[in-house]
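Some notes on the structure that comes next.
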Number of protein chains: 2
Amino acid sequence: MAQQGRRRHVSITDVAAQAGVSITTVSHMLSGQRPVAAATAARVQQVIADLGYEPNRLARGLRLQRTDTVALVIPDITNPFYPLIARGLQNVLGPAGLQVLVTSTDADPAAEEAAVQQMITRRVDGLAFADYQADHRRVAAAAEVGIPVVLLGGRTTRPGIDVVSSDDVAGGTIAAEYLIGRGYQRIAFITGAERVGSPANRVLGYRHALREAGRPYAPSLVVREEISRDGGARAMQRLLTLRQTPDAVLCTNDVVALGALDTAKARGLRVPEDVAVMGFDDIDIAALTTPTLTTVSNRPREQGEAIGRLLLGRLNGSAPRGPQRILFDPAVVQRDSA
Amino acid sequence: MAQQGRRRHVSITDVAAQAGVSITTVSHMLSGQRPVAAATAARVQQVIADLGYEPNRLARGLRLQRTDTVALVIPDITNPFYPLIARGLQNVLGPAGLQVLVTSTDADPAAEEAAVQQMITRRVDGLAFADYQADHRRVAAAAEVGIPVVLLGGRTTRPGIDVVSSDDVAGGTIAAEYLIGRGYQRIAFITGAERVGSPANRVLGYRHALREAGRPYAPSLVVREEISRDGGARAMQRLLTLRQTPDAVLCTNDVVALGALDTAKARGLRVPEDVAVMGFDDIDIAALTTPTLTTVSNRPREQGEAIGRLLLGRLNGSAPRGPQRILFDPAVVQRDSA
DNA sequence: CTGTTAGCGCCTTCAC
DNA sequence: GTGAAGGCGCTAACAG
C-alpha cells in the first residue's frame with residue numbers, strides 16, 4: 001500500500017546487496033553494455049521488481065554529463081499557439097527519450113533571463129526559446145556554455161543558435177493580398193509596439209503587398225498595442241474613431257483578432273459585412289468563433305517538430321557546423337470573418 | 001562570443017582554484033550558510049562572474065535528495081483547460097523556487113504510466129496528475145515511493161494522494177437550479193457515455209435539482225454522446241426529434257455546447273428564446289460565441305493554484321497527516337444563451 | 001573565518 | 001563472467 005511518510009528511494013546498491021552481486025553487474029544488466037549470466041540476470045531482475053527499484057537520473061546525469069532534458073521557454077502557455085509548439089516538440093523528442101521542460105515567462109525580460117539561467121543550472125541538453133521579439137541576446141548565456149539553442153521566430157542566426165520561424169514577411173504579404181483580392185479598400189493592421197520580431201515583419205509584408213497593388217500606405221491604419229486580447233480590443237476601438245474607418249483589419253495574431261472581434265461585436269458591427277477581421281496563427285479557437293476567423297496558418301505543431309529535429313541533430317552531432325534556419329511558408333485559411 | 005562546440009561547464013572546483021580558496025568557502029558564500037570574510041566574498045564573486053559559473057543542480061539534487069521540481073502530467077496540453085491549470089500551478093510554485101515539468105499523455109494509459117515512472121526516476125519532489133477518469137491507480141507507484149501526489153478531478157483520496165476537483169455534483173445542481181429559476185420547463189442534458197467521472201456527476205447534480213424542485217425526471221431528456229463539438233451537434237439533433245422538445249439544454253462542457261449551438265443555428269432556432277443552451281467550464285470561447293454562452297465556471301487557474309499549495313504544504317511538512325481533498329464551488333456565469 | 005572529507009547514486013575503466 | 005574503485009559536482013559535518 002501507499003506510504004504516508006517520506007521513504008528513502010532504493011538505490012542500485014540496495015539491489016546489488018539483495019541480489020548478492022556487485023553494483024557493476026546490476027548496472028550492466030540494466031544497460032546491456034556487457035553480457036551477464038542468464039541466472040544472475042534473472043535474479044537481479046527479480047530483486048529489482050521486488051524492491052521497486054527506479055534508477056536515479058540525477059546520478060546518471062551527473063556521471064554522463066547529459067540529462068536527456070530539453071527546455072522550452074515561451075511567453076504564455078495560455079496562448080494556444082504555444083501548447084501546439086510544445087506538442088510538436090514533444091512529438092519528436094519523446095520517442096528519442098527526451099523530456100521537455102516547459103516554462104512561461106509572460107514576456108517579462110527578467111523572467112526570461114531567470115528561466116534561461118535556471119535551465120543552465122539544470123544542465124538541459126538543449127533549449128528552445130520564444131519571445132515576441134525573438135531576441136537572440138536572451139539566450140546568449142546558454143549558447144555560450146555550449147547548450148544548443150533554437151530560437152522560435154528569430155530572423156538571424158548566431159553561432160550556436162538555430163532559428164525556426166514562419167516566414168512572417170510572406171505571411172503579411174499573402175494576408176494583405178487576400179484582402180485586396182476580396183475587394184477591401186481600407187485595410188488596417190493591429191500590431192505590437194516593438195519594431196522587430198514577427199509582428200513587425202508581418203507589417204513589412206503587408207506594406208509590400210499594398211505597394212505591389214498600387215495602394216497607398218496610410219500610417220494611421222497601423223496601430224500598435226499590447227499583444228493580447230485586450231490590446232486587440234483597444235486597438236479596434238481606436239481604429240473606429242478614425243474619420244475614415246477601415247473595412248478590413250489584419251491582426252498580428254489570432255488572440256489579438258479575438259479582441260478586435262470583441263469590440264466589433266460590442267459596437268454592433270457585422271463581421272465581415274461592416275468590417276472584416278483576419279488573424280495569424282490559426283489556433284483552434286479560430287474555427288470556433290462566430291463568425292469563424294479567417295487567418296494565416298503558421299503550422300505551430302510542425303514548427304515545434306522542426307525545433308525538435310534541429311535539437312536532435314545537434315545532440316547526436318549529425319547537424320552541420322554552422323547555424324541553421326528553417327522557414328515555414330504561411331498559407332491563408334479562409335473562413336467567414338474576411 | 002558564443003561557442004560552436006561543446007564546452008565543459010565550470011564547476012565549483014574551478015571557482016575555488018581560481019579564487020584561491022576551498023570549495024567549502026565558495027559553497028557557503030553562495031548559500032549564505034555561514035559567514036565569509038568580506039574580502040574573500042568579493043574575490044569569489046568576481047571569479048564567479050569572470051568564469052560565468054552556474055551551479056549544477058543535478059549534483060546539488062543528488063546531495064540534498066531534493067530537486068525543486070514538480071511534475072504536471074495532463075491528458076492534453078492543447079485543451080485550453082490544462083494550460084490554465086499549469087499557469088496556476090506555476091504561479092504558486094515559481095515563487096517558492098520550484099520548477100514545473102509538464103507532460104501530455106493523450107489520455108493513453110501506457111503513456112500515463114511511462115510519464116509517472118519517468119518522473120520517479122527524475123526524483124521530482126511532487127506530482128500533479130490529471131486524466132479524464134481521475135484514476136488513483138495511475139499514480140500509485142509515485143505515492144508508494146513517498147512522492148506527494150495531487151490528483152486533479154479525483155473523487156476519493158488515498159494515503160499519500162490528495163485531491164483537487166471542481167464539485168461536479170454541485171455544478172450540475174446549480175446549473176439546473178439556474179435554469180429552473182429562469183422559468184424553463186423541459187430541461188435536457190447532453191453528457192458523455194461513461195457512467196463515472198465529471199460528466200456523470202454533473203448529471204447527478206441535475207437530477208438532484210429536479211427532485212428538489214418537484215420536477216419529474218425524464219430519461220429521454222438525457223442524451224449520451226461523444227464529448228466533442230460534433231457530438232453536441234448530434235445530440236441536439238436527437239433532442240429536436242422528440243415529440244416534446246426541450247426548452248433548455250445543459251451540455252456537459254462548453255465545447256459540447258458549441259455543437260448544440262451549431263444545430264440550433266442550422267435549424268433556425270433562436271437562442272435562448274426558442275431553446276436555451278448552457279455549458280460547463282467557462283473556457284475563453286464561451287464569451288465569443290453568438291449568443292455568448294452561459295456556463296458554469298470551474299476556475300482552472302485557481303485549481304492549479306490549489307494543487308500548488310497542497311504540494312507546498314506536503315514539501316515543507318506543514319500539511320496534516322491524512323490525505324486532503326479540495327473541492328471548488330462552481331458558479332454560474334450568466335451570459336446570453338440561457 | 002576557513003579547510004578536509006565523506007558521501008549522494010551511477011557508469012566505466014581496469015583488473016581478475 | 002564478475003568486481004573494485006574512481007569520480008561527476010555539490011553540501012555539511014567535523015576540525016582547526
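Chain identifiers are assigned alphabetically (A, B, ...) following the order of the sequence lines, protein sequences preceding nucleic acid strands; residue numbering begins at 1 within each chain.
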In whole angstrom, what separates [X]'s [atom1] from [N]'s [atom2]?
{"X": "B:Ile12", "N": "D:dC10", "atom1": "CD1", "atom2": "C1'", "answer": "6 Å"}
{"X": "B:Leu62", "N": "D:dA12", "atom1": "CG", "atom2": "P", "answer": "13 Å"}
{"X": "A:Leu58", "N": "D:dC10", "atom1": "CG", "atom2": "C1'", "answer": "12 Å"}
{"X": "A:Met29", "N": "C:dC10", "atom1": "CE", "atom2": "P", "answer": "15 Å"}
{"X": "A:Arg122", "N": "D:dG9", "atom1": "CZ", "atom2": "C1'", "answer": "16 Å"}

Can you list, by residue number, the residues of residues 35-45 of chain A that have a non-hydrogen atom closer than 4.0 angstrom to DNA chain D?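 A:Pro35, A:Val36, A:Ala37, A:Thr40 - these, ordered by number, are the residues of the stretch whose heavy atoms sit under 4.0 Å from the strand.
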
Show every donor-acceptor pair shorter than 3.5 Å between a side-chain atom in residues 35-46 of chain A and any protein atom, with sequence neighbours excluded, or say none if there are none.
{"unit_1": "A:Arg43", "atom_1": "NH1", "unit_2": "A:Ala19", "atom_2": "O", "d": "2.4"}
{"unit_1": "A:Gln46", "atom_1": "NE2", "unit_2": "A:Asp50", "atom_2": "OD1", "d": "2.9"}

Which residues pass the side-chain contact (heavy atoms from CB on, under 4.5 Å) test with B:Thr24, not counting sequence neighbours?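 Listed in chain order: B:Ser22, B:His28, B:Arg34.
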
Tell me which pairs pass salt bridge (charged side-chain N to carboxylate O under 4.0 Å, His left out) where either residue lies in residues 94-104 of chain A, with sequence neighbours left out.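 Listed by first then second residue: nothing to list.
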
Considering residues at least two apart in sequence or located in another chain, which fulfil the side-chain hydrogen bond (donor to acceptor under 3.5 Å, both in side chains) criterion with [X]?
{"X": "B:Gln117", "answer": "A:Glu54"}
{"X": "B:Thr69", "answer": "A:Arg122"}
{"X": "A:Ser27", "answer": "none"}

Quick check: does any side chain N or O of B:Thr105 sit under 3.5 Å from a backbone N or O of B:Ile74, one acting as donor and the other as acceptor?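 Indeed, once roles are kept as given, a pair shorter than 3.5 Å links the two residues.
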
Using OP1 and OP2 only, check whether a side-chain N or O of A:Ser11 sits under 4.0 Å from C:dC8.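 Answer is no, no contact under 4.0 Å.
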
For nucleotides 12-16 of chain C, print each protein N/O atom paired with a nucleotide N/O atom at under 3.5 Å, atom names and distance only.
{"unit_1": "C:dT12", "atom_1": "O4'", "unit_2": "A:Arg63", "atom_2": "NH1", "d": "3.4"}
{"unit_1": "C:dT12", "atom_1": "O4", "unit_2": "A:Thr24", "atom_2": "OG1", "d": "3.4"}

B:Asp106: partners by salt bridge (Lys or Arg N to Asp or Glu O under 4.0 Å), with sequence neighbours left out: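 A:Arg87.
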
